[in-house]
Amino acid sequence: MQVDLREEWSIGPVRVPTRVVLAPMAGVSVQAFRRQGRRFGAGLVCSEMVSCAGLSHRNERTLGYLRIAADEHPLAVQIFGAEPEPMREAARMVEAAGADIVDINFGCPVRKVTKTGAGATLLDDPDRACRIVEAVAGAVSVPVSVKMRRGLENGSRACLDVGPRLVDAGARSLTLHPRSAVQMYTGEADHRLTAELVERVDVPVIASGDITSRARAQAVLATTGAEAVMVGRGAQGNPWALREIVDGRDAPPPREEVAAELILFVRETVRELGERRASGFLKKFYGWYLGRGRFPKPFKQELLRIESTDEVERRLLAAAPGARDVLEQLEAEHPPVDELTLALPISIYGGG
Ligand SMILES: Cc1cc2nc3c(=O)[nH]c(=O)nc-3n(C[C@H](O)[C@H](O)[C@H](O)COP(=O)(O)O)c2cc1C
């Protein structure tokens, strides 16, 4: 069965123009990543998970995650926490920042998060999970969604029992990454569970896990009945994967386009995080962009040793001179965020 990935769908009143969602990824989903994802065909993008404790302490770095540019919509901001009350407060801040959807994280398997009772741990405490969803849904007028794993232990089917209860509690959409928390990222996402979840709820389900190609996206949508697929690792340094999935355009990008996209990404990330934080943060992206046979390995290694992002840019332009024209065009079509309206008043995010 052929599935149209360009078909519009909705989460509550929020219209999502394509059936591809860009995954929330901590340490990856900066604004440059999300804006680029939208440009390459993702119908919905998501912030990385934001700590409700950090928001309630008005931690400057945490507040920085609430900066939303006008051209990112529709966008979900994801929050995590273990208590209904701070989650309610965090959700209000997220709505005030201009998010179209508040997403709740019941999937994070990382010990730092689970030991606080947040993330995937909540799949083992459905009553508390439902209280959190109820509190959040009652606090905001935008739709609330939940992202979860299959359960904590290998073979767990907890998501099938918890999911419908979360919908009763107010979730307007569910994303399932059908691996257990113990599995982390090993093995395969078992989308047979996604199909079972779709049968049990009457809200849209988003299938997350191992979607790296159009063929895989089509197969998962057709066999599960999910409304959309979510793409995570496949889009790291590879927005072209989104275009291939949405439109079927699978020609490998020319070098100058890769270099131009990477330079734009670097510039935007420096604007968002500042040079000092950005220069370390960006290193993993150099490998992701320049790998896949796009640039020789020694060149990639060379960039990793450079601390200044200006110098990285110079080397990229020297390696792919045609990138300058592509970049100029990109910047003309997609002006820096500072020139766009930020939905959030500067007093809320602290400017950082
Ligand atoms: C580096 C990294 C960070 C992630 N951070 C988050 C996060 O903040 N919130 C979340 O719900 N999922 C997070 N995930 C999980 C992804 O959203 C996604 O469900 C998972 O990677 C499976 O999809 P994929 O096979 O397309 O990568 C993260 C995954 C990775 C690889």
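Atoms within a ligand are numbered from 1 in the order they appear, just like the ligands themselves. Just so you know, these numbers come straight off a predicted model, no measurement behind them. As a basis for the values below, the full set of heavy atoms in this structure was taken, side chains included, without hydrogen atoms, waters or symmetry mates.
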Using heavy-atom distances only, which candidate in Ser208, Ala189, Pro109 approaches atom 19 (O) of ligand 1 most closely?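 Shortest heavy-atom distance from atom 19 (O) of ligand 1: Ser208.
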Is the closest heavy atom of Tyr185 to ligand 1 under 4.0 Å?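 Yes, Tyr185 has heavy atoms under 4.0 Å from ligand 1.
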Any Gly209 heavy atom less than 4.0 Å from ligand 1: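 So Gly209 counts as touching ligand 1.
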Ligand 1 to [X] polar contact by distance, N or O atoms, under 3.5 Å:
X: Arg179; value: no
X: Gly234; value: no
X: Val28; value: no

Residue part near ligand 1, for [X], under 4.0 Å between non-hydrogen atoms:
X: Arg233; value: both
X: Lys147; value: side chain
X: Asn105; value: side chain

At less than 4.0 angstrom from any non-hydrogen atom of Ala23, what atoms of ligand 1 do you find?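 The atoms of ligand 1 under 4.0 Å from a heavy atom of Ala23 are 17 (O).
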Under a plain distance cut-off of 3.5 Å, with no hydrogens placed, do Glu244 and Ser213 share a side-chain donor-acceptor pair?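 On atom types as modelled, these side chains do not qualify, holding no pair under 3.5 Å.
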Pair Glu261, Trp240: side-chain N/O donor-acceptor within cut-off below 3.5 Å: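 Trp240 and Glu261 do not have a side-chain donor-acceptor pair below 3.5 Å.
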Can you spot which of Ile211, Leu44, Thr175, Leu176 makes a side chain to side chain contact (heavy atoms under 4.5 Å, CB included) with Met230?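 Output: one option passes, namely Thr175.
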Asp210 with Arg216: basic N within carboxylate O range, under 4.0 Å: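 Looking at Asp210 and Arg216, the cut-off is not met.
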Between Trp288 and Phe285, how do the two ring planes meet: parallel, tilted or perpendicular, split at 30° and 60°?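 Rings of Trp288 and Phe285: perpendicular, as their planes differ by over 60°.
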Flag the pair Trp9 / Pro204 as yes when at least one side-chain heavy-atom distance between them is below 4.5 Å, and no otherwise.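 Yes, close enough: below the 4.5 Å cut-off.
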Taking atom CZ as the centre, does Arg39 end up with more than 12 heavy-atom neighbours from other residues, nucleotides or ligands that are less than 6.0 angstrom away?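 Atom CZ in Arg39 is crowded, with more than 12 foreign heavy atoms closer than 6.0 Å.
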